[in-house]
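As structure tokens, the structure follows; a few thoughts come after it.
Atom set for the values below is all heavy atoms of this structure, side chains included, hydrogens, waters and symmetry mates excluded. Proteins get letters first, then strands, A, B, ... in listed order; numbering begins at 1 in each.
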There are 2 protein chains.
Amino acid sequence: MFDGDQGLLYYNASKMYLFGQSMQLKKYTDYGLRILMYLASFEADENCAEPKLATIREICDTFGLSANHVNKVVHHLGRLELIETRRGKNGGFLLAKKPEDISLAFVIRQLEGDEKWIECENPYCVALPACELKGIVARGKELFYDYLSQYSLKSLMVKAPQLRQIFSTAS
Amino acid sequence: MFDGDQGLLYYNASKMYLFGQSMQLKKYTDYGLRILMYLASFEADENCAEPKLATIREICDTFGLSANHVNKVVHHLGRLELIETRRGKNGGFLLAKKPEDISLAFVIRQLEGDEKWIECENPYCVALPACELKGIVARGKELFYDYLSQYSLKSLMVKAPQLRQIFSTAS
DNA sequence: TATAAAACGCATTATGAATGCATGTTTGAT
DNA sequence: ATCAAACATGCATTCATAATGCGTTTTATA
């Protein structure tokens with residue numbers, strides 16, 4: 001009875017929209033990870049003695065993103081001291097650490113924000129004092145980040161040559 | 001340098017809003033879990049020979065929620081065959097299974113929707129063919145649900161007497 | 001001094017969850 | 001039979017906020 005319409009409509013039939021966006025990384029976070037991968041692809045190129053600087057324009061052209069949003073992510077990554085930004089002519093930014101020292105758990109946690117995955121107050125839920133759910137979900141969230149902490153930016157560079165090729169040919 | 005303003009403002013200083021809502025269960029899902037807990041609290045009462053029916057009005061009064069939203073969640077829980085709904089006068093709904101047979105992983109996955117936690121296509125990301133991230137995040141998501149699958153609705157009823165007391169006194 | 005880059009602030013748009021409202025349908029009680 | 005109380009259904013609206021757009025400021029370098 002149920003499997004047939006699985007995934008078809010969510011709960012508002014009039015709009016016929018598919019599943020929502022919750023429990024998904026924000027584009028903001030996604031962009032941050034792409035920027036780091038882009039920078040790491042330079043790093044991994046032994047032919048380059050000193051790592052090239054990237055610019056926001058370059059990132060936007062490569063990934064087809066809007067400059068403004070990327071602007072904010074780059075600034076955030078700079079504040080997190082994951083990248084070093086340089087103003088002025090011939091400026092840009094580059095990785096401030098080695099890829100293996102940039103933890104995916106840290107990056108995602110910071111860019112995504114670190115709020116609870118379930119909200120019990122605001123508005124307040126009467127069951128709160130006797131509710132086990134908040135603890136269970138909170139532990140699940142930590143397991144997710146524990147798992148991510150096994151990986152670093154370097155883990156994303158397994159196919160570095162292919163990435164470099166993609167990035168260099170993408171308009 | 002960074003710890004000081006941690007959590008203060010997110011990335012849009014003008015609005016000064018705190019962290020966003022992504023990577024958080026929807027209220028919809030949350031309401032579903034509360035409804036199940038409410039029903040399970042009847043079940044756990046040995047004084048009741050046949051389990052009492054709950055109504056949407058009752059749930060809304062207890063938790064202070066809007067009838068329409070709860071309406072939809074109840075309907076969804078019915079379609080999932082987690083509760084049995086009865087129309088008509090003296091109607092209502094009750095658990096269709098024993099609390100220990102209602103997996104939290106299943107409930108959350110179904111109510112939340114089961115989409116990927118990271119979106120690589122739509123719009124398409126050039127890095128997709130050589131990107132390791134999607135696999136890592138997908139595995140993390142599965143770990144989260146694997147963990148949740150250890151728990152059932154019964155796991156949420158550890159403090160059943162206290163919950164019953166809360167529910168009966170809440171207007 | 002001109003130019004190219006990031007930094008910053010504010011305004012606007014787009015999306016979708018959350019809610020509201022009206023009506024239909026079923027069922028038990030009177 | 002009729003009424004009333006419950007869920008079922010469809011559509012419209014509101015609200016939060018991520019995503020974007022735009023203009024200006026600051027900084028550094030050629």
Taking atom [atom2] of [N] as reference, at what distance in whole Å does atom [atom1] of [X] sit?
{"X": "Arg79(B)", "N": "dA8(D)", "atom1": "CZ", "atom2": "P", "value": "11 Å"}
{"X": "Gln24(A)", "N": "dA17(C)", "atom1": "CD", "atom2": "P", "value": "10 Å"}
{"X": "Leu77(A)", "N": "dA7(C)", "atom1": "CG", "atom2": "C1'", "value": "14 Å"}
{"X": "Leu39(A)", "N": "dA6(C)", "atom1": "CG", "atom2": "P", "value": "11 Å"}
{"X": "Leu53(A)", "N": "dA30(D)", "atom1": "CG", "atom2": "P", "value": "12 Å"}
{"X": "Glu119(A)", "N": "dT17(D)", "atom1": "CD", "atom2": "P", "value": "11 Å"}
{"X": "His76(B)", "N": "dC7(D)", "atom1": "NE2", "atom2": "P", "value": "17 Å"}
{"X": "Glu84(A)", "N": "dA6(C)", "atom1": "CD", "atom2": "P", "value": "13 Å"}

Could you tabulate the donor-acceptor pairs under 3.5 Å formed by side-chain atoms of residues 135-142 of chain B, not counting sequence neighbours?
residue, atom, partner, partner atom, Å
Lys141(B), NZ, Asp114(B), O, 3.1
Lys141(B), NZ, Asp114(B), OD1, 2.8
Lys141(B), NZ, Glu115(B), O, 3.1
Glu142(B), OE1, Arg109(B), NH2, 2.6
Glu142(B), OE2, Arg109(B), NH2, 2.6

**Item:** Residues, nucleotides or ligands: over 12 heavy atoms within 6.0 Å of Lys154(B) NZ
**Value:** no

Distance below 4.0 Å between [X] side-chain N/O and [N] OP1 or OP2:
{"X": "His75(A)", "N": "dA6(C)", "result": "no"}
{"X": "Ser66(A)", "N": "dG21(D)", "result": "yes"}
{"X": "Thr85(A)", "N": "dA7(C)", "result": "yes"}
{"X": "His69(A)", "N": "dG21(D)", "result": "no"}
{"X": "Tyr31(B)", "N": "dA17(C)", "result": "no"}

**Message:** Can you say whether a donor on the side chain of Lys26(A) sits under 3.5 Å from an acceptor on the base of dT17(D), or the other way round?
**Reply:**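 There is none.
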
**Prompt:** Could a donor-acceptor pair under 3.5 angstrom be found where the side chain of Lys27(B) meets the base of dG16(C)?
**Reply:**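 Such a pair does not exist between side chain and base.
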
**Asked** For Phe63(B), which residues count as a ring pair (Phe, Tyr, Trp, His ring centres under 6.0 Å) partner, sequence neighbours excluded?
**Response**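 Phe63(B) satisfies ring pair (Phe, Tyr, Trp, His ring centres under 6.0 Å) with Phe167(B) only.
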
**Asked** Distance only, no hydrogens: is a donor on one side chain within 3.5 Å (strictly under) of an acceptor on the other, for Tyr151(B) and Glu132(A)?
**Response**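 No, Glu132(A) and Tyr151(B) have no side-chain donor paired with an acceptor closer than 3.5 Å.
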
**Asked** Have Glu100(B) and Ser152(B) got a donor and an acceptor in their side chains that come within less than 3.5 Å?
**Response**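 Side chains of Glu100(B) and Ser152(B): no pair found under 3.5 Å.
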
**Message:** Please encode protein proximity along nucleotides 22-30 of chain C as a string of B, S and -, counting only heavy-atom distances under 4.0 Å.
**Reply:** --BBBBBS-

**Asked** Any salt bridge between Asp30(A) and Arg34(A), counting N to O under 4.0 Å?
**Response** yes

**Message:** Once rounded to the nearest 0.5 Å, what's the spacing between atom CG of Leu53(A) and atom CD of Glu84(A)?
**Reply:** 8.0 Å

